[in-house]
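Chain A is the first sequence line, chain B the second, and so forth, proteins listed ahead of strands; every chain is numbered from 1. What you see is a predicted model, and the numbers here were worked out from it, not measured in a lab. Computed over heavy atoms, backbone and side chain alike; hydrogens, waters and symmetry mates excluded.
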Amino acid sequence: MQTHQYDVVIVGAGGAGMRAALEAGQRARTAVITKLYPTRSHTGAAQGGMCAALANVEEDNWEWHTFDTVKGGDFLVDQDAAEIMAKEAIDAVLDLEKMGLPFNRTPEGTIDQRRFGGHTRNHGEAAVRRACYSADRTGHMILQTLYQQCLKNDVEFFSEFYVLDILTNDVEGERRTAGVVAYDLASGEIHIFRAKSVVFATGGAGKVYKTTSNAHTLTGDGMAIAYRRGIPLEDMEFFQFHPTGLAGLGILLSEAARGEGAILRNSEGERFMERYAPTLKDLAPRDVVARAMANEVREGRGAGPNKDYVLLDLTHLEPAHIDAKLPDITEFARTYLGIEPYTEPVPVYPTAHYAMGGIPTNVETEVLADNERVLPGMFAAGEVACVSVHGANRLGTNSLLDINVFGRRAGIAAAAFAAKAPWVDLPESPEADTVEMLETLRDRQDGERIADLRRALQETMDANAQVFRSEATLKQALSDIHALRERYSRASVQDKGKRFNTDLLEGLELGFLLDLAEVIVVGALERKESRGGHFREDYQNRDDVNYMRHTMAYRTSNEDGSTGVRLDYKPVVVTRYQPMERKF
Amino acid sequence: MTLTTEAPGATPAEAPSAIPSFQVTMRLRRFNPESDTEPRWENHTLTMHGTDRVLDALHKIKWEIDGSLTFRRSCAHGICGSDAMRINGRNRLACKTLLKDLPLKKPITVEPIKGLAVQKDLVVDMEPFYAAYKSIMPFLITTGNDPSRERRQSPADRERFDDTTKCILCAACTTSCPVYWSDGQYFGPQAIVGAHRFIFDSRDEGAEQRLEILNDREGVWRCRTTFNCTDACPRGIEVTKAIQEVKQALLFRRV
Ligand SMILES: Cc1cc2nc3c(=O)[nH]c(=O)nc-3n(C[C@H](O)[C@H](O)[C@H](O)COP(=O)(O)OP(=O)(O)OC[C@H]3O[C@@H](n4cnc5c(N)ncnc54)[C@H](O)[C@@H]3O)c2cc1C
Ligand code: SF4
Ligand code: FES
């Protein structure tokens with residue numbers, strides 16, 4: 001076992017983690033621990049854009065952006081946080097440009113902007129061009145640019161190190177952060193990182209579902225680790241299903257396609273979004289479009305031999321325009337489905353895309369221990385966190401924005417905290433729980449395979465907790481999860497070695513997914529209303545009287561060693577905008 | 001394909017595929033440093049389906065037959081650069097190589113990329129590769145004060161270096177280069193691609209420094225224009241052309 005000591009430890013090297021590292025690294029001794037090499041992080045998969053009211057191509061301002069974010073999030077957004085994000089968006093984009101990000105340009109040489117779902121002028125009048133972009137590779141450019149800046153600034157990375165636990169200790173009756181426990185994939189060795197400040201930036205949890213745009217490695221580690229150590233998870237029942245995943249595969253085709261003019265059609269060739277959202281049509285927020293698509297399929301207007309998808313039609317766009325603005329996603333259609341988007345419509349269906357919920361933080365990115373207190377020294381930013389700027393449904397382009405704005409804030413706040421906070425002693429045997437978790441799984445012989453259990457979990461989540469939910473389906477999912485949890489306690493891995501044991505790590509990741517799936521489903525069962533990404537067939541309307549509040553889920557341990565979920569609630573921060581009916 | 005709620009728990013329907021299921025034999029180069037003294041070959045015959053990729057076959061083996069098979073992967077759609085491998089003797093991304101596009105009569109061979117030390121099965125040591133990238137100063141270098149708004153750049157100037165911005169650092173090019181195999185000091189094609197991306201960016205002022213580094217004995221002049229790198233690049237980057245442009249920039253500045 002090795003022990004290291006840093007003022008600030010950042011966990012995760014996606015957009016949020018590296019943006020934080022650039023700030024913290026200038027101010028304090030900083031290490032970044034990441035289970036993937038930084039450039040493998042899923043921020044690189046983001047396609048469409050990052051919104052900011054630069055007003056480079058038409059009139060725009062941050063207040064309209066704030067309004068769209070709040071309305072798009074179905075009024076579950078904390079409005080103070082949304083306002084900060086929309087205001088700081090402008091500098092966030094300009095900062096990236098100054099770091100070298102190759103944005104697409106207007107004829108005048110300024111950053112070009114395009115339309116994106118839910119972003120409007122003057123409170124919903126019409127779609128506005130607000131998304132700054134670099135073809136359909138915006139996330140790739142952000143990830144590369146931030147990594148390049150980290151190289152320039154000699155940021156210290158521990159790559160292919162998996163963080164598996166948070167360390168805390170009591171100081172005069174108050175619980176404080178002491179560091180993290182990490183596992184070095186190459187050697188199988190445990191490393192203790194002692195730190196004054198810890199920033200979690202571990203990304204999303206899309207692998208809870210089967211059909212997803214998320215990477216294999218997005219297993220919600222950070223959320224589950226925090227949850228297991230008594231930190232609540234906020235609004236986990238809100239998961240975004242992106243309308244246009246490649247049918248059957250889930251690989252994303254960015255909303256930028258519709259922003260550039262592509263149209264969704266059913267088997268009759270009808271532009272069905274005209275019926276569901278007369279003003280914004282195909283560019284209505286994602287929850288609205290995803291449900292409309294699922295509904296078309298349900299009512300028998302799906303396309304294809306099994307009538308189980310709809311069509312994304314780009315055939316009326318100029319091939320040269322497609323090549324200039326959407327090169328990657330059209331290549332996905334060609335490579336993976338053998339479809340030529342110039343001439344054929346592309347089969348699409350909603351795909352699990354984004355966790356709106358996560359580790360609760362305040363606008364300074366400090367992690368909340370409960371509704372009143374923070375956990376001193378613990379910070380979170382990016383998809384792992386819930387500030388909450390996305391509420392019940394994230395607007396497209398607002399996550400790349402979130403990771404830059406709140407990643408930066410986290411880096412500054414973590415360094416500032418470390419500058420004045422005293423060191424907290426490590427708890428006794430800081431590695432003990434992690435070692436036991438690893439060795440129990442490694443040593444168990446002849447159990448069921450991890451992959452079988454994971455597939456079963458993902459299938460029940462897709463079938464029962466996806467775009468449409470009801471009490472019956474959610475109860476089914478919950479009982480499946482409990483049964484799988486029990487089987488998991490007897491599962492085994494085949495690789496018993498030390499070096500590069502990815503079999504073992506996949507086993508631990510499944511444990512994280514099971515915990516998170518339970519939180520998602522319990523939250524969804526208790527939320528007897530429909531709001532944003534959470535749609536209940538048995539409660540189809542939004543219910544502001546009873547449910548305009550954040551869910552806070554805590555883990556409970558029972559005497560027999562089993563665990564459960566306890567739900568509490570937190571008020572939504574409302575500043576400017578009173579809830580209104582969402583019409584698009 | 002995902003079902004909605006009419007039939008909870010039912011098996012999701014398959015996406016339609018023109019190509020039915022087929023048999024394929026995967027011939028894998030395996031090496032476990034904890035138990036093997038030498039790498040060995042191992043065959044698995046699998047039933048696979050129309051849109052399956054080499055990565056799906058590897059997952060099928062790992063998830064259903066032998067959990068110890070080790071490889072890197074993350075995004076599964078050609079964006080993160082984790083899974084460059086030597087497939088039938090050519091460097092490719094496993095997640096972007098459809099099985100049906102390979103000759104299925106013969107076994108499909110899968111080996112680690114060459115020129116970097118094998119750590120386990122298909123996993124190689126990436127540190128020298130990343131170090132070469134870092135050595136060419138792959139970041140925007142400017143002098144003077146930052147402007148208050150964005151730096152201006154015309155669409156034509158932006159287009160000038162577009163091709164090399166697409167690089168995902170997968171190492172397929174570098175580890176397909178015979179010069180790189182035989183000479184551990186050569187930067188390799190990717191580092192030159194990384195330098196090109198900045199040398200031809202109208203906003204950058206660090207071209208001289210980078211060209212100086214690339215003018216080194218182990219720099220661009222080692223390239224023998226074999227085009228292996230261009231063939232290998234899963235992002236369709238014209239790697240050899242980029243290297244030629246860097247060579248020309250060096251000559252031009254030096255004459
Ligand atoms: C296909 C796709 C397209 C998208 N397009 C857009 C878009 O156009 N606009 C937009 O705004 N948003 C988009 N999004 C959403 C956005 O890309 C993500 O929400 C965002 O990039 C998440 O960034 P992050 O830094 O929080 O996490 P990630 O980039 O996922 O990084 C997570 C990091 O955490 C590390 N990590 C995880 N677990 C551990 C552990 N246990 N120990 C150590 N390290 C760990 C990983 O190594 C990784 O470095 C898209 C998402 C997808 C999937
Ligand atoms: S140039 Fe192409 S082959 Fe080489 S590392 Fe970049 S993406 Fe991979
Ligand atoms: S897994 Fe990401 S490129 Fe293949």
Evaluate B:Arg158 against B:Thr165 for side-chain hydrogen bond (donor to acceptor under 3.5 Å, both in side chains), listing each step before the verdict. CA-CA 10 Å; B:Arg158 166 66 180 79; B:Thr165 63; 4.7 Å; no
Please classify the contact between [X] and chain B as side chain, backbone, both or neither, with a heavy-atom cut-off of under 4.5 Å.
X: A:Thr460; value: neither
X: A:Leu151; value: both
X: A:Gln494; value: side chain
X: A:Asp328; value: side chain
X: A:Thr106; value: backbone

Side-chain heavy-atom pair B:Asp201, B:Arg160 within 4.5 angstrom cut-off: no
Cationic N near anionic O, under 4.0 Å, [X] to [Y]:
X: A:Lys307; Y: A:Glu296; value: no
X: B:Asp121; Y: B:Arg29; value: no
X: A:Glu160; Y: A:Arg40; value: no

Salt bridge (charged side-chain N to carboxylate O under 4.0 Å, His left out) partners of residues 143-154 of chain A, not counting sequence neighbours, each pair once: A:Asp154-B:Lys134
So which part of [X] gets closer than 4.5 Å to some heavy atom of chain A, the side chain, the backbone, both or neither?
X: B:Glu34; result: side chain
X: B:Asp162; result: side chain
X: B:Glu159; result: neither
X: B:Ser148; result: backbone
X: B:Arg203; result: side chain
X: B:Ile168; result: both
X: B:Leu169; result: both

Can you list the residues that meet the ring-ring contact (aromatic ring centres under 6.0 Å, His included) rule with B:Tyr130, with sequence neighbours excluded? A:Tyr37
Find the one option among A:Leu252, A:Thr217, A:Thr145 whose heavy-atom pairs under 4.5 Å with chain B are most numerous. A:Thr217
Take A:Thr502 and B:Lys62 through the side-chain hydrogen bond (donor to acceptor under 3.5 Å, both in side chains) test and state the conclusion after the steps. CA-CA 10 Å; A:Thr502 53; B:Lys62 183 173 183 67; 3.0 Å; yes
